[in-house]
Amino acid sequence: MKAIVDCNSFYCGCERLFKPDLNHKPVIVLSNNDGCIISRTDEAKRLGVEMAGPYFKAKPLIEKFNIATFSSNYHLYGDLSWRVMETMRMLMGKNNVEVYSVDEAFVDLPEFNTEKINIASENLKTTIEQWTGIRVSIGVAPTKVLAKVANRLAKKNKQATNCIVILNTEESIADALYNTPIGDVWGIGRQYAEKLKEEFAVFTALDLRNKTEYWAKKNLGGVTGVRLIKELNGEAVIVMKDELTEKKMIATTRMFGSAVNNLKDIQEAIATYTSRAAEKLRRQNSAAGIISVFVVQKEKKFNETFRHGMSRSAYTILPIATSATNELIKAALPLIEKIFTNGEFYKKAGVMLSGIVPDINIQGNLFNPKDNDYKQLMMMVDNVNFSMRDDVLKFASGGTKKNWKMRQELRSPRYTTRWDEIKTVS
DNA sequence: TCTGGGGTCCTAGGACCC
DNA sequence: TCTGGGGTCCTAGGACCC
């Protein structure tokens with residue numbers, strides 16, 4: 001059996017942890033740059049706050065009902081996420097937990113009987129809540145897709161289910177599928193949902209389950225669709241992934257706080273993003289063979305309508321795959337000059353690393369002391385920055401003024417990762 | 001007269017996820 | 001004034017090979 005453990009309104013839950021007066025009150029968390037709403041509590045949902053809706057549009061509602069609003073605080077969420085995952089690994093065994101996202105993990109459960117599954121799920125839920133203060137919902141079923149279905153129902157009916165739904169009989173599965181609209185199935189996005197309803201009269205997960213694999217191959221994205229049908233029918237084909245699989249692409253991209261029109265600011269931003277991307281690269285002991293950068297122009301008003309900002313990109317194939325921040329920055333900066341146009345305003349930029357290979361020189365190269373030096377330097381930079389949970393050491397090309405930095409006006413303190421922001425009780 | 005069959009690798013782009 | 005960031009997987013089609 002597979003379980004999916006999902007934190008309830010995770011980012012909001014993290015904020016509430018340090019502001020218990022917000023319990024049972026509506027709370028929302030905004031995306032980077034305070035652009036849109038990426039987490040909301042049930043109370044906020046009931047007031048009509050749209051998920052992923054733009055902040056400025058929801059502002060009247062937020063003010064009217066005095067909804068507590070936070071900019072995202074990834075230091076805090078990252079740390080609490082780690083605690084939740086670590087708790088699961090301790091209880092269920094390291095190799096049975098697959099972290100799927102910052103607030104979700106799949107857990108491989110042995111073939112227990114119903115009673116044992118119940119006990120295990122209960123125990124998992126209460127322990128996570130006791131140890132970390134974060135509330136979770138758990139869905140259990142024979143496959144990942146069905147576990148997702150169960151989890152959705154658990155979250156929808158928190159009171160009745162106590163946030164745990166177990167689907168392990170034919171009837172319970174069929175019933176759950178019948179109560180799941182097609183657009184809420186894991187793997188069915190907006191496009192497919194439309195198509196399924198209009199062309200094939202498929203309205204629920206149950207309707208979809210009754211389709212053939214041949215049909216899915218033709219109409220639902222080929223092998224992806226076939227997998228989905230199998231999973232809905234209880235055949236586990238989406239396997240648990242090894243925790244250690246490396247990323248094949250690493251990106252760091254950001255909107256600017258306000259539009260930027262000078263080359264130097266963009267280069268500073270790109271240098272900073274490159275540092276961040278290089279850290280991610282080193283964390284998985286990889287090196288990148290290709291670096292690409294892109295910029296997006298600010299949209300322009302054009303006869304009363306807004307025209308989408310143009311996007312331009314450029315890439316370089318590096319002579320040798322590397323994970324050294326300085327080498328990557330050196331490759332990235334000229335690319336920006338290539339795509340930058342004087343006089344234009346830009347709202348976003350980013351760096352992408354690909355052609356990712358294992359960094360075979362990770363131990364340092366005995367015969368090339370220069371290479372060794374940089375590795376030790378990078379390791380030191382990473383260690384210092386990680387232990388301080390902040391960029392204490394950085395490259396000068398990243399700049400110090402940061403005219404382009406994103407807006408984060410409502411961020412809470414980094415309670416758990418910074419001594420000077422720790423919560424005080426008086 | 002008349003132009004196979006099988007394969008690889010790469011890129012762009014679409015669809016999805018949280 | 002004003003809509004995030006970071007990924008994954010898959011397919012189609014072109015270039016190229018024997």
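Because the structure is predicted, anything quoted here is derived from the model rather than measured. Chain identifiers are assigned alphabetically (A, B, ...) following the order of the sequence lines, protein sequences preceding nucleic acid strands; residue numbering begins at 1 within each chain. All heavy atoms count here, side chains included; hydrogens, waters and symmetry mates do not.
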Engineer: For the pair made of CZ in R190(A) and C1' in dA15(B), what is the distance, rounded to whole Å?
Structural biologist: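 Taking atom C1' of dA15(B) as the reference, CZ of R190(A) is at 12 Å.
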
Engineer: Of the nucleotides dC16(B), dG6(C), dT8(C), which has the atom closest to the K280(A) side chain?
Structural biologist: dG6(C)

Engineer: If the cut-off is 4.0 Å, is R227(A) near the phosphate of dC9(C), judged by side-chain N/O to OP1 or OP2?
Structural biologist: no

Engineer: Ignoring backbone atoms, establish whether R276(A) has a side-chain N or O less than 4.0 Å from OP1 or OP2 of dG6(C).
Structural biologist: no

Engineer: Quick check on DNA chain C: between K248(A) and A52(A), whose nearest nucleotide comes earlier from the 5' end?
Structural biologist: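 So the residue in question is A52(A).
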
Engineer: What is the separation between atom NZ on K348(A) and atom C1' on dT3(C), rounded to the nearest whole Å?
Structural biologist: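 Going from K348(A) (NZ) to dT3(C) (C1'), I get 11 Å.
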
Engineer: Which whole-number value in Å describes the distance from D184(A) CG to dC17(B) C1'?
Structural biologist: 14 Å

Engineer: Which nucleotide in the set dC2(C), dC18(B), dG5(C) lies at the smallest distance from any side-chain heavy atom of F56(A)?
Structural biologist: dC2(C)

Engineer: Could you say whether V223(A) or M249(A) is positioned toward the 5' end of DNA chain C, judged by the nucleotide with the nearest heavy atom to each?
Structural biologist: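 Mapping each residue to its closest nucleotide by heavy atoms, the 5'-most match is M249(A).
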
Engineer: State plainly whether the residues R89(A) and E86(A) are in salt-bridge range, i.e. N to O under 4.0 Å.
Structural biologist: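 A salt bridge links R89(A) with E86(A).
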
Engineer: Could you tell me the separation between the NZ atom of K217(A) and the P atom of dC10(C), rounded to a whole number of Å?
Structural biologist: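 K217(A) atom NZ is separated from dC10(C) atom P by 13 Å.
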
Engineer: Identify which nucleotide among dG7(C), dC18(B), dG5(C) has an atom closest to any side-chain atom of D103(A), counting heavy atoms from C-beta outward.
Structural biologist: dC18(B)

Engineer: Any side-chain N or O of T252(A) under 4.0 Å from OP1/OP2 of dG5(C)?
Structural biologist: no

Engineer: Between W186(A) and Y192(A), does the ring centre distance come in under 6.0 Å?
Structural biologist: no

Engineer: Any strand is fair game: report the nucleotide pairing with dC18(C) by Watson-Crick or G-U wobble, both distances under 3.5 Å, or none.
Structural biologist: dG5(B)

Engineer: Applying a 4.0 Å non-hydrogen cut-off, can you work out what L30(A) is touching in the nucleic acid: base, sugar-phosphate, or nothing?
Structural biologist: nothing

Engineer: When you check the gap from the basic side-chain N to the acidic O, do E98(A) and K144(A) get nearer than 4.0 Å?
Structural biologist: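 Result for this pair is yes, salt bridge flagged.
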
Engineer: Nearest to the side chain of C36(A) - dT3(C), dC18(B), dG6(C)?
Structural biologist: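 Of all the options, the side chain of C36(A) is nearest to dT3(C).
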
Engineer: Flag the pair Y11(A) / F70(A) as yes when their ring centroid distance falls below 6.0 Å, and as no otherwise.
Structural biologist: no

Engineer: Can K217(A) and E213(A) be counted as an ion pair, charged N to O under 4.0 angstrom?
Structural biologist: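 Not counted as a salt bridge, because no side-chain N and carboxylate O are separated by less than 4.0 Å.
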
Engineer: Heavy atoms only, 4.0 Å cut-off, all strands: where does K148(A) land among base, sugar-phosphate and nothing?
Structural biologist: sugar-phosphate

Engineer: Taking atom P in both dT3(B) and dC18(C), what distance in whole Å separates the two?
Structural biologist: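 Those two atoms are separated by 23 Å.
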
Engineer: Tell me what Y192(A) touches on the nucleic acid: a base, only sugar-phosphate, or nothing, going by heavy atoms under 4.0 Å.
Structural biologist: sugar-phosphate

Engineer: Report the distance from atom CE of M352(A) to atom P of dG5(C), rounded to the nearest whole Å.
Structural biologist: 13 Å

Engineer: To the nearest angstrom, how far is M85(A) atom CE from dC18(B) atom P?
Structural biologist: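 Distance, rounded to whole Å: 13 Å.
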
Engineer: According to a strict under-4.0 Å criterion, is K59(A) in side-chain N/O contact with OP1 or OP2 of dC2(C)?
Structural biologist: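 Result: no.
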
Engineer: By nearest atom, which of the nucleotides dT3(C), dG6(C), dC9(C) is closest to the M255(A) side chain?
Structural biologist: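 Among dT3(C), dG6(C), dC9(C), the one nearest the side chain of M255(A) is dT3(C).
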
Engineer: Heavy atoms under 4.0 Å, any strand shown: does N33(A) hit a base, just sugar-phosphate, or nothing?
Structural biologist: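 No contact.
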
Engineer: Using atom CZ of F10(A) as one end and atom C1' of dG5(C) as the other, report the distance to the nearest whole Å.
Structural biologist: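 The distance from CZ of F10(A) to C1' of dG5(C) comes to 16 Å, rounded to the nearest Å.
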
Engineer: Heavy atoms from C-beta onward define the side chain here; which of dC18(B), dG7(C), dT3(C) lies closest to that of Y100(A)?
Structural biologist: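 Nucleotide nearest to Y100(A)'s side chain: dC18(B).
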
Engineer: Whole angstrom is fine here: how far is it from CD1 in I4(A) over to C1' in dC17(B)?
Structural biologist: 11 Å

Engineer: Using only side-chain N and O atoms of K298(A), determine if any of them is under 4.0 Å from OP1 or OP2 of dC2(C).
Structural biologist: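 Checking K298(A) against dC2(C): at least one side-chain N or O falls below 4.0 Å of OP1 or OP2.
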
Engineer: So does K19(A) pair up with E15(A), basic N to acidic O under 4.0 Å?
Structural biologist: no

Engineer: Using a strict threshold of under 4.0 Å (side-chain N to carboxylate O), is an ion pair present between E231(A) and K148(A)?
Structural biologist: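 No.
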
Engineer: For a quick check of understanding: with a heavy-atom distance under 4.0 Å over all strands, which category does V226(A) fall into, base, sugar-phosphate or nothing?
Structural biologist: nothing

